[in-house]
Structure formats: structure tokens, C-alpha cells
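For reference, the structure discussed in these notes is given below.
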Amino acid sequence: MINLLNFTLPELTAWMQNELGEPKFRAVQVWQWIWQKMARDFADMSDVSKACRARLAATARISWPEIAGLEESRDGTTKFLLRLEDSALVETVLIPSDSREGVRRWTQCLSSQVGCAMGCTFCATGQMGFERNMSMGEILGQILVAREHLGDKRPDWPILRNLVFMGMGEPLLNLTEVMRALRSLNNDKGLNFSPRRITVSTCGIEKGLAELGESGLAYLAVSLHAPTQELRARIMPKAARWPLDRLLAALDSYPLKTRERITFEYLLLGGINDGPEQARELARLIHGMGRGKGKLNLIVYNPAEGAPYAAPDEARVLAFEQYLWKRQITAIIRKSKGQDIKAACGQLRAISL
Ligand code: SF4
């Protein structure tokens with residue numbers, strides 16, 4: 001039986017026309033039930049004719065990922081372990097942030113692959129190896145699970161505000177399904193996330209980068225983590241196969257929207273990439289891209305048990321940040337959330353909770 005979560009709206013329309021003889025507007029109704037009203041049972045689709053619902057039930061299903069475990073951090077960060085239909089496990093994380101008025105909003109960190117082939121040396125997912133790509137339905141299913149958990153039922157004013165593809169996997173190595181997911185997210189009859197609310201984070205994959213840029217469907221974050229090719233090759237050996245100077249040249253011509261900037265993620269690893277020499281190199285590199293094109297997120301490394309690196313010294317972190325500000329570079333130290341439940345950057349591993 002077909003899982004309707006795997007259809008984009010044009011695919012659902014064609015399938016319902018060809019297989020069920022239903023008009024186009026019926027597909028839009030079903031699509032809204034699936035993504036906006038979060039129906040899992042065709043019987044709930046009250047404005048769809050009984051005959052159509054019966055035909056749908058006979059040929060299709062709506063299957064969400066199943067929650068296999070859930071952990072909540074002291075800071076409110078919530079990590080879900082999800083079981084996919086073939087029993088593969090992935091993790092997704094909900095991160096809270098409170099406005100000045102005390103209104104809580106959430107960002108969801110999405111996985112795009114089961115495991116990851118990139119093998120970055122600081123990353124728990126990278127140490128799992130690669131199992132398989134996730135389908136569009138599995139990628140977007142993570143959002144349905146999170147919205148239901150949050151009781152987030154209003155597509156016009158959702159409390160799940162932002163999505164970041166920073167969970168398990170390298171999204172640009174699963175380009176086909178990630179692009180289908182982005183197109184579906186953009187649809188105002190569905191989850192209705194504008195590109196401003198979505199960030200795709202990559203360590204830099206040549207083919208995928210060009211296609212993502214041309215699509216304009218999401219903002220871009222690049223996992224840099226080292227300011228020189230030599231150091232990058234040490235800590236991200238596979239990512240560094242696309243040499244840093246060529247990655248930067250591609251980013252230089254990356255199409256940006258008005259006021260959009262590329263976010264560079266820089267994980268500070270104690271004694272490895274957190275010294276004044278690296279800060280200088282990093283400033284040179286960001287300035288080389290042209291004024292105002294890039295901004296930096298400095299992430300403080302959270303060593304898990306048996307981790308290969310140490311946390312950076314606080315004084316060095318502050319000195320690193322201050323040096324960049326002095327060079328007129330926007331650099332923000334991102335407090336890692338969810339460390340106590342291993343939900344922070346680089347800690348996702350998908351083992352039973
Ligand atoms: Fe893969 Fe990202 Fe981890 Fe690198 S940091 S191994 S790209 S999940």
C-alpha cells in the first residue's frame with residue numbers, strides 16, 4: 001500500500017486522477033488533511049466523499065514515523081528517537097527559545113539520512129556510518145510527530161517556527177528527497193514553511209550546493225569547522241575532498257536573497273581550532289568572501305563519553321569571538337542545548353533511549 005506522505009502535491013494529484021478518477025480539488029483536500037490537519041485516518045476527512053475515502057483506504061495509508069523514545073533536557077530541549085517502517089532509527093530534536101515577551105517558540109533539527117557517510121571526526125552520527133537515505137515522507141514525518149507533540153495545530157501561527165537540516169546525515173547527499181521535501185514544505189496548502197524559516201546545513205557537496213542555490217527553497221549554513229584546507233582535512237577528511245578554496249569560490253557566487261547571508265558553523269574543539277592563529281585565518285577567509293556575505297556561529301564542542309576532542313577553554317572561546325568582532329565579522333557563540341540528553345550538535349547517534 002502506498003504511503004501518501006511520500007507524495008508531493010502534484011504527485012498526489014496525478015495519482016488520484018489516474019488511479020481513483022478523482023478531480024484535482026480532491027487531492028488538495030486530502031493534502032490539507034494530511035499536512036495541516038494531521039489526519040492519519042481517511043475516515044477523519046469529513047469534507048471528502050465517503051466513496052473517495054473508501055477507495056483511498058483500500059489502496060493507500062498515512063504512516064508516520066513511530067516514537068521509539070523521548071527525552072527532555074533540563075533546558076526544555078526534546079529529543080525523539082523515531083522508528084521508520086523498516087525499523088531503522090533516526091533522531092530529531094526540538095529546541096525551545098523564548099521571546100522577550102515570554103512566548104515560547106520551537107526550532108526543529110531534522111535528520112535526512114539514517115547514519116552518515118561523511119565520517120566527520122567530532123560527530124557521533126559520522127561514527128555510525130551510513131545506512132540509507134530517508135524518503136521525503138520520512139523527512140517530513142518528523143515534523144508531523146513534533147507538531148503533534150507540541151499540540152501545534154495552527155498553520156497560520158505555528159509555534160514550530162523554524163526547521164534546520166542539521167540532524168543525522170548530509171542533506172546534499174540525499175538531494176532528490178531533500179529537494180522534494182523542501183518543495184512540499186513551501187506549499188501553502190501544506191506545512192507552509194517559507195524559505196526564510198528553513199536552513200539546510202551542509203559540509204559542502206559540489207553538485208547539491210548548486211542545485212539548492214538555484215532552487216531558493218532554503219537558507220544555507222556551511223559546516224566549516226576549520227579555516228585551512230590542512231586542518232579541515234584532519235577533522236573532516238571526506239568533506240575536505242572538495243578543497244576549501246573551491247568551496248569558497250562556489251559560495252562566492254551562491255545566489256542569495258536580499259539580506260540573506262550564509263551562516264558558517266564553526267565548532268570550537270579544545271586546542272585544535274580555537275587559537276588566535278585560527279581566528280586570524282578565519283577572519284581572512286570570511287573577508288575574502290566579500291563584505292556582509294557570511295556570518296559565523298561559534299559552537300562550543302560538547303565532548304561525549306569517549307569523544308576524541310576536549311571542550312575548548314572558556315577564555316579562548318571569548319578571545320576567539322572578540323577577535324572576529326574586532327575584524328567586523330558577526331560571530332555569535334551558540335549555547336549548545338540538550339547536552340544532558342545528548343541532543344546537542346554532533347551528539348546524535350540513534351541508539352535506543
Ligand atoms: Fe555527517 Fe554532519 Fe556528522 Fe559530518 S557532522 S558526519 S556531515 S552528520
Side-chain angles (χ1 to χ4, degrees), residues 79-82 84 88-93 95 107-134 138-139 142 163-175 177-178 181 198-209 212 218-227 229 231-244 247 250-251 262-269 272-273 296-309 311 334 336-339 342-351:
K79 180 169 79 170
F80 300 81
L81 179 70
L82 299 180
L84 307 178
L89 295 170
V90 292
E91 290 181 333
T92 183
V93 180
I95 305 146
T107 294
Q108 186 173 10
C109 181
L110 296 169
S111 292
S112 56
Q113 296 182 310
V114 182
C116 183
M118 296 307 289
C120 301
T121 56
F122 48 80
C123 172
T125 309
Q127 307 318 306
M128 278 174 66
F130 174 70
E131 280 185 39
R132 67 170 177 84
N133 282 328
M134 289 170 70
E138 289 170 340
I139 294 170
Q142 299 172 87
L163 303 172
V164 292
F165 283 76
M166 289 186 192
M168 298 170 68
E170 163 52 64
L172 299 189
L173 286 181
N174 183 15
L175 192 62
E177 293 303 301
V178 167
I198 308 171
T199 300
V200 171
S201 176
T202 175
C203 51
I205 305 293
E206 192 167 5
K207 179 173 169 282
L209 194 67
L212 179 70
Y219 279 16
L220 177 69
V222 176
S223 302
L224 197 59
H225 307 321
Q229 172 64 16
L231 184 54
R232 207 161 184 262
R234 246 174 74 202
I235 62 178
M236 306 170 75
K238 290 195 184 156
R241 285 182 193 161
W242 192 19
L244 192 53
L247 167 63
L251 294 175
I262 296 170
T263 303
F264 288 100
E265 308 285 349
Y266 193 98
L267 185 65
L268 289 157
L269 305 166
I272 302 286
N273 63 357
L296 269 162
N297 276 349
L298 302 175
I299 307 153
V300 178
Y301 180 62
N302 321 286
E305 238 179 72
Y309 300 108
R334 294 281 171 207
S336 261
K337 293 193 170 172
Q339 293 186 37
K342 292 197 172 61
C345 277
Q347 292 188 328
L348 300 187
R349 204 177 178 134
I351 43 176

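Just so you know, ligand 1 is whichever comes first in the structure, and atom 1 is the first atom listed for that ligand.
- In summary, the side chains of Y309 and T121 do present a donor paired with an acceptor at a separation below 3.5 Å, with no hydrogens or angles considered.
- In this structure, of G129, G126, G169, the residue bringing a heavy atom nearest to atom 8 (S) of ligand 1 is G169.
- Taking every heavy atom of C120 and a limit of under 4.0 angstrom, the matching atoms of ligand 1 come to 4 (Fe), 5 (S), 6 (S).
- Contact of the K207 side chain with the L175 side chain is registered, since non-hydrogen atoms from C-beta on lie closer than 4.5 Å.
- Taking each heavy atom of L267 and N273 in turn, the nearest pair found is O-ND2, 2.7 Å.
- Looking only at heavy atoms of the protein, atom 1 (Fe) of ligand 1 is closest to C116 SG, 2.3 Å.
- With no hydrogens or angles considered, no side-chain donor-acceptor pair links E265 and S201 at under 3.5 Å.
- Closest heavy-atom contact between A240 and Q229: O-NE2, 3.0 Å.
- Protein heavy atom at the shortest distance from atom 3 (Fe) of ligand 1 is C123 SG, 2.3 Å.
- Atoms of ligand 1 found under 4.0 Å from any heavy atom of G119 (numbered from 1 in listed order, with element): 6 (S).
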